[in-house]
Amino acid sequence: MSDPTVVPWGLTRMRPLGPPVEAAYTEVRLDPSTQRGVYIGHDGRPIEAGKHGTSKEQKRSQHTGGGDGNSPTPPDDTEIIEYVPD
């Protein structure tokens with residue numbers, strides 16, 4: 001019989017971690033007025049975190065129409081539909 005142990009593909013790509021890096025801050029506090037985290041440096045003073053990315057869309061997506069090449073006919077604003085009860 002052959003060895004039934006198979007190493008998962010993801011584990012074959014693992015490498016050792018690099019040397020540890022000391023964090024630029026020692027703690028994070030909550031600012032009660034903004035409800036945001038404030039990073040405190042080794043000297044006890046707040047650290048400016050700088051700007052970071054947002055989830056705002058930078059470009060608009062384009063509507064390409066229906067999947068089969070036929071797009072539905074837009075409704076006619078001048079058409080009047082009369083409701084007639086039974």
Side-chain angles (χ1 to χ4, degrees):
M1 288 191 131
S2 63
D3 184 12
T5 305
V6 177
V7 177
W9 175 82
L11 291 179
T12 64
R13 300 180 52 84
M14 291 181 68
R15 300 291 179 260
L17 293 175
V21 178
E22 184 176 339
Y25 59 92
T26 57
E27 66 177 301
V28 180
R29 297 178 188 160
L30 183 66
D31 180 356
S33 62
T34 63
Q35 294 294 302
R36 294 184 179 189
V38 177
Y39 292 85
I40 306 299
H42 297 284
D43 59 359
R45 297 186 329 198
I47 297 175
E48 176 61 40
K51 299 290 181 184
H52 58 82
T54 64
S55 62
K56 291 184 179 180
E57 189 175 329
Q58 297 299 318
K59 60 181 180 177
R60 296 177 185 251
S61 62
Q62 296 178 350
H63 179 67
T64 59
D68 61 358
N70 294 326
S71 54
T73 306
D76 183 4
D77 289 343
T78 61
E79 181 181 356
I80 299 172
I81 300 174
E82 186 175 326
Y83 174 71
V84 180
D86 292 330

So which pairs with a foot in residues 17-32 pass side-chain hydrogen bond (donor to acceptor under 3.5 Å, both in side chains), sequence neighbours left out? E22-H42, E27-R29, D31-S33, D31-T34
Nearest atoms (heavy-atom pairs only) where P46 meets V38: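 What the structure gives for the nearest pair is CB-CG1, 3.8 Å.
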Go through the structure and list residues passing side chain to side chain contact (heavy atoms under 4.5 Å, CB included) with V7, not counting sequence neighbours.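 L11, T12.
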How does the hydrophobic cluster around L30 look, that is, which other residues are in it when side-chain heavy atoms under 4.5 Å mark a link?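 So far as hydrophobic clustering goes, L30 is joined with none.
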